[in-house]
Amino acid sequence: MAGHKQTDPQALTARLLDWYDRHARTLPWRAPPGMRADPYRVWLSEIMLQQTTVVTVAPYFDDFVARWPRVADLAAADLDDVLRAWAGLGYYARARNLHKCAQVVADDHGGQFPESEAALRELPGIGPYTAAAIAAIAFDRPATPVDGNVERVMARLYAVTPPLPGSKAVLKELAAAHTPAQRPGDAAQAMMDLGATVCTPRNPRCAVCPWADACAARAQGIAQDLPARTPKPERPTRRGVAFWAVRSDGAVLLLKRPTRGLLGGMMEVPSSDWLDELPGDAEAQAPFAADWRLLPGVVRHTFTHFHLELVVMAAAAPEDVDATGRWVVPDALSDEALPSVMRKVVRHALAHV
Ligand code: SF4
C-alpha cells in the first residue's frame, strides 16, 4: 500500500529477500539465491572473513580450495603449508584452529560438518557468530549470525541509541526477530549484503534501501551517527629491534616463532623483545655478535591490542656464523609464512640495505 509504513520484522525480511534475489553479491564461496552452499566453503570463507574484507579474502579462498578441495584434504595438509598459504591474512591463531577444526571434522565427523549451531560451536575456532552463519547458510537452519554489519543495520532500523558494546544483546534480539522459517540462509546473507553494500558505515545509501520507509534512524536523520560506541581505551605502543642478517650469498636469517602466542608458528626476522621503550641493550639480543648498523626509518604495525614500532639493524654475517634459524635467499622470501608485520620489515630492509 503506498505510503503505508511496514514495521513487522518478518514482513521486512520478506522484502529484504526480494531485494536479495535481485542484488545478491556474487562471491566465490556463495551459492546463488535459493541454493545451498558447500559447508566446507562456507566455513572456510567465514573463518577467513573474520576481521578481514571480502576483497582481501577472495584470492586466499580460491588458493585454499584449489589446493585443498575438501575438508579431508585440508585435514591431511601439513600445518606449515597451511600457515604459509595463510600468510598475510593475519590473526594466525585462526589458521592453526582452521587446521585443527578440519582434522576434527575429518576424524570425528566422517568428513561432514555437523548441522546444528550447538554442535558447530564445539569445533575448534568456531564461535557463536560463525556457528550461526554456517548453520544458516550451509544447512538452512533458522539461526541468526550477528556481526558488526548486522548490528549497524539493526541499530539504524530501530534507532537504538545506547552505545555498543552495551547494546549488543538488544541488537541481537532485534536481528533474531528478522530470521524467517523459510530461507534463513538467504536472509542471513541478505542482511550481510545490505550492511556491506547499502547500509554502509559511512554514507549509507538510504535512497536505494529496501527498508527506507521503515527505518527509524533515517526518519530521525541520525543514520550516520549509529551505532554509537563507547570509546575504546588507547592501544599502547611497543618498540623493538629487528635484526637483518645477510650472508655473502645474499641469504637472510629467519626464525620460526614459538607455536604458542602472538604470530605463533609463523616465520620472523629475528627481533628483540617488544617493550614500552626501545631496549637500550637491544644489540645483546641480536642472533650473533657483529657490527650491527641501524637503518634509517621505522616499521609500524598495529595489532589488536597494541601498536608496534620496529627499527631495523643490519649486519653482514661472518662465513662461519653459528646462528639459530634458517637462511633464505631473497627470491624465496615470498614463499615463507611471514606475517604482515615481517613483510613490512623485509620491504624496509631491502629498500635500505
Ligand atoms: Fe540503513 Fe538507510 Fe536502510 Fe536505514 S534506510 S537501514 S540507515 S540504508
Side-chain angles (χ1 to χ4, degrees), residues 1-27 30 32-34 45-46 49-57 128-130 132-133 136-137 142-232:
M1 204 191 307
H4 178 72
K5 191 175 146 187
Q6 182 58 264
T7 52
D8 169 51
Q10 291 292 325
L12 288 175
T13 297
R15 208 195 289 168
L16 182 66
L17 283 167
D18 283 347
W19 172 85
Y20 184 69
D21 288 340
R22 281 174 285 127
H23 298 288
R25 285 179 295 173
T26 305
L27 301 173
R30 189 177 263 186
S45 65
E46 288 297 340
L49 284 166
Q50 290 165 13
Q51 328 270 352
T52 314
T53 62
V54 163
V55 178
T56 308
V57 163
Y129 168 80
T130 308
I137 299 169
T144 314
V146 181
D147 67 353
N149 278 309
V150 177
E151 286 173 346
R152 180 173 64 256
V153 176
M154 287 297 119
R156 289 175 177 172
L157 181 63
Y158 294 101
V160 176
T161 51
L164 280 167
S167 57
K168 260 181 190 295
V170 173
L171 297 174
K172 191 171 179 187
E173 207 171 300
L174 290 168
H178 283 262
T179 300
Q182 303 291 322
R183 302 182 67 194
D186 281 349
Q189 295 177 95
M191 195 89 97
M192 291 172 188
D193 281 17
L194 190 72
T197 64
V198 176
C199 196
T200 46
R202 274 181 293 265
N203 305 319
R205 298 161 60 221
C206 303
V208 298
C209 178
W211 288 347
D213 67 342
C215 181
R218 181 182 188 232
Q220 296 173 33
I222 57 170
Q224 286 264 31
D225 310 326
L226 295 181
R229 276 173 211 285
T230 308
K232 279 197 190 139

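Since the model is a prediction, treat every value here as computed from it, not as a measurement. In listed order, ligands and their atoms are each counted from 1.
Within 6.0 Å of CD on Q220 lie more than 12 heavy atoms contributed by other residues, nucleotides or ligands.
Residue-ligand proximity, A223 to ligand 1, at heavy-atom distances under 4.0 Å covers atoms 7 (S). Within the listing of ligand 1, atoms 5 (S) sit less than 4.0 angstrom from a heavy atom of A212. Taking every heavy atom of R156 and a limit of under 4.0 angstrom, the matching atoms of ligand 1 come to 7 (S).
In summary, D225 and R156 do not engage in a salt bridge, as defined by a charged side-chain N under 4.0 Å from a carboxylate O. In this structure, R183 pairs ionically with D21, as a charged nitrogen and a carboxylate oxygen lie closer than 4.0 Å. The existence of a salt bridge linking R15 and D213 is confirmed by a sub-4.0 Å separation between a basic side-chain nitrogen and an acidic carboxylate oxygen.
The single protein non-hydrogen atom nearest to atom 3 (Fe) of ligand 1 is C209 SG, 2.3 Å, given as residue, atom name and distance. Taking atom 2 (Fe) of ligand 1 as the reference point, the nearest protein heavy-atom neighbour is C206 SG, 2.3 Å. Among protein heavy atoms, the minimum distance from atom 5 (S) of ligand 1 is reached at C215 CB, 3.5 Å.
Of all non-hydrogen atoms in T200 and N203, the two that sit nearest each other are OG1-O, 3.4 Å. Minimum heavy-atom separation, L226 to A217: CD1-CB, 4.0 Å.
Residue side and main chain included, C199 places no N/O/S atom under 2.8 Å of atom 4 (Fe) of ligand 1.
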